[in-house]
Chemist: 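Take this structure, written in structure tokens, and hold onto it; I'll ask about it next.
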Amino acid sequence: MMLRTIAVRAGLSRSTREVIAPSLCRTMSSSGDTKNSLVLTEEVGSKGVITLNRPKALNAINLEMVQLIYEAMKRWENSKHLVIIKSVGEKAFCAGGDVRAITETGGEELAKKFFSTEYRVNALIGNYRPTYIAFIDGITMGGGVGLSVHGKYRIATERTMFAMPETAIGLFPDVGGGYFLPRLEGKLGLYLGLTGFRLKGRDVHKAGVATHYVESKNLPALEQQLLATTSNEEVDNVLDRFSEKREAGVEFVLAKQLQQINACFGAPTIDGIFANLERDGSEWAQNTLKLLQKMSPTSLVVTQKQLELGSKMDLKTCLKMEYRLAVHHAIDSDFKEGVRAMLVDRDQKPRWNPAKLGEVDPRRIEKFFGPVPDGSELTFDEDTPKAAL
């Protein structure tokens with residue numbers, strides 16, 4: 001009955017509903033998952049659905065979750081035509097990675113396991129054979145961006161809130177941030193990566209982070225119609241029908257600042273960006289400068305270099321670079337202090353080392369981009385030579 005009701009609301013003809021609804025009921029399976037699993041998977045014929053099921057933690061992903069996601073995606077890689085990823089709850093698609101677990105208990109070894117698995121998921125999404133669709137309904141930050149932005153389709157809603165706030169916790173915009181951020185318009189990506197500026201609702205689509213905008217109330221019907229498609233053309237048609245057109249006369253939230261962003265953030269160094277903002281002198285520039293001065297100076301310099309290099313890399317090469325950065329940050333950086341100040345004690349008073357931009361050592365920055373100390377670099381399946389027959 002529920003499937004028939006959704007089909008009626010979605011506007012399907014009666015004859016089509018009579019064929020689709022029983023078919024979905026017959027072919028749906030849970031692959032052994034229970035409602036208590038942190039990641040739920042369903043198979044609907046030639047389609048798969050992955051659901052993040054950690055709503056009390058805003059669906060923040062931990063090692064167990066990224067392992068489950070990776071296993072499901074690999075299992076479906078050659079057998080499914082379409083895969084949807086979504087989440088439980090209305091507040092968040094995924095608020096990021098569970099960085100507290102890494103900084104408080106796991107240390108370097110957990111960091112290696114978590115980031116290597118997470119980045120393999122990101123790479124798989126970016127090169128996935130089935131059509132990959134992410135419903136980024138609610139908070140979508142950090143690791144949640146990595147689970148969505150590299151896929152073919154990203155569906156934002158009025159509840160979507162996108163941000164890459166890593167410089168505020170002494171990290172850098174990882175999960176392929178070095179790849180997708182510099183490919184946004186002008187210097188918008190660098191601005192978002194350095195400041196952690198939050199985009200909401202339709203602006204996530206206008207910025208190019210999302211491919212479509214759909215009202216959250218229509219997501220259940222959209223999902224059912226997508227699960228009833230039989231070709232990529234049908235998928236495109238369904239998304240077009242549900243996608244809300246841009247509101248006439250409503251500008252992108254940063255439209256008036258784009259020229260300033262391009263001018264100020266076009267400098268080749270963080271020092272240059274600061275100098276440009278000071279010369280600009282506008283209220284926006286002054287507020288942006290104050291915001292940047294709260295971030296880890298080391299993270300700012302690392303992020304600027306990461307995006308500069310990533311703009312010339314493919315996704316997998318970029319993720320290999322980011323794995324080096326992540327491991328080095330777990331060993332010795334502002335990462336642990338940033339998590340303490342922003343997420344644990346929440347005193348909002350991180351003690352950065354060094355505290356001033358002018359004291360950042362270029363040699364230390366180069367070390368972040370260097371090989372992992374024990375030689376355990378990030379690899380992908382195709383990096384391993386096949387055994388001779």
Chemist: So, does Gln225 use its side chain to make a donor-acceptor pair with the main chain of Ala221 at under 3.5 Å?
Modeler: no

Chemist: Would you say Asn287's side chain and Glu283's backbone share a donor-acceptor pair under 3.5 angstrom?
Modeler: yes

Chemist: Please determine whether the number of non-hydrogen atoms from other residues, nucleotides or ligands lying under 6.0 Å from atom NZ of Lys320 exceeds 12.
Modeler: yes

Chemist: Do any pairs count as a salt bridge (charged side-chain N to carboxylate O under 4.0 Å, His left out) and have a residue in residues 178-193, sequence neighbours left out, and if so which ones?
Modeler: none

Chemist: CG of Leu222 to CZ of Arg241: how many Å apart, nearest 0.5 Å?
Modeler: 9.5 Å

Chemist: Is Ser116 reaching over with its side chain to a backbone N or O of Lys112, donor-acceptor style, under 3.5 angstrom?
Modeler: yes

Chemist: So does Gln348 have more than 12 non-hydrogen atoms from other groups sitting under 6.0 Å from CD?
Modeler: yes

Chemist: Counting only N and O atoms by type, is there a donor-acceptor contact under 3.5 Å from the side chain of Gln304 to the main-chain atoms of Pro268?
Modeler: yes

Chemist: Run the side-chain donor-acceptor check on residues 166-174: report pairs under 3.5 Å with partners two or more places apart or on a different chain.
Modeler:
from	atom 1	to	atom 2	distance (Å)
Thr167	OG1	Leu194	O	2.9
Asp174	OD2	Tyr119	OH	2.7

Chemist: Decide yes or no on side-chain hydrogen bond (donor to acceptor under 3.5 Å, both in side chains) for Ser243 and Asp240, but give the supporting numbers first.
Modeler: CA-CA 5 Å; Ser243 185; Asp240 286 342; over 6 Å; no

Chemist: Under a plain distance cut-off of 3.5 Å, with no hydrogens placed, do Asp334 and Ser299 share a side-chain donor-acceptor pair?
Modeler: no

Chemist: If you look at every heavy atom in Gly272 and Ala267, which pair is closest and at what distance?
Modeler: C-CB, 3.4 Å

Chemist: A quick test of your reading: do over 12 heavy atoms of other residues, nucleotides or ligands sit less than 6.0 Å from NZ of Lys336?
Modeler: no

Chemist: Looking at Lys74, I want to see if its NZ is surrounded by more than 12 non-hydrogen atoms of other residues, nucleotides or ligands under 6.0 Å.
Modeler: yes

Chemist: Just list the side-chain donor-acceptor pairs under 3.5 Å for residues 86-98, sequence neighbours left out, or say none.
Modeler:
from	atom 1	to	atom 2	distance (Å)
Lys86	NZ	Glu223	OE1	2.9
Lys86	NZ	Glu223	OE2	3.2
Ser87	OG	Ala92	O	3.0
Asp98	OD2	Arg54	NH2	3.3

Chemist: Determine whether a donor-acceptor pair (N or O, by modelled atom type, separation under 3.5 Å) exists between the side chain of His150 and the backbone of Val175.
Modeler: yes

Chemist: If you measure only the distance, is there a donor-acceptor pair under 3.5 Å linking the side chains of Gln260 and Ser282?
Modeler: yes

Chemist: Take a 6.0 Å sphere around CZ of Arg198 and say whether it holds more than 12 heavy atoms from other residues, nucleotides or ligands.
Modeler: no

Chemist: Give the C-alpha distance, both sets of side-chain angles, the deciding distance and a yes or no for ring-ring contact (aromatic ring centres under 6.0 Å, His included) between Tyr153 and His212.
Modeler: CA-CA 7 Å; Tyr153 299 115; His212 298 79; 5.6 Å; yes

Chemist: Can you list the steps and then say if Asp137 with Ser216 is a side-chain hydrogen bond (donor to acceptor under 3.5 Å, both in side chains)?
Modeler: CA-CA 7 Å; Asp137 181 31; Ser216 59; 4.8 Å; no

Chemist: Compute both the distance and the angle, then confirm whether Lys200 meets the cation-pi test with Phe162: under 6.0 Å from the six-membered ring centre, within 45 degrees of the axis.
Modeler: no

Chemist: For Arg351, is there any backbone N or O sitting under 3.5 Å from a side-chain donor or acceptor partner on Glu337?
Modeler: yes

Chemist: Does Pro354 reach the side chain of Thr298, with side-chain heavy atoms less than 4.5 Å apart?
Modeler: yes

Chemist: If Ile, Leu, Val, Met, Phe, Trp and Tyr residues are connected whenever their side-chain heavy atoms lie under 4.5 Å apart, and connections chain through other members, are Leu343 and Trp352 in the same group?
Modeler: no

Chemist: With a 4.5 Å heavy-atom cut-off, do Asn53 and Val39 have their side chains touching?
Modeler: no

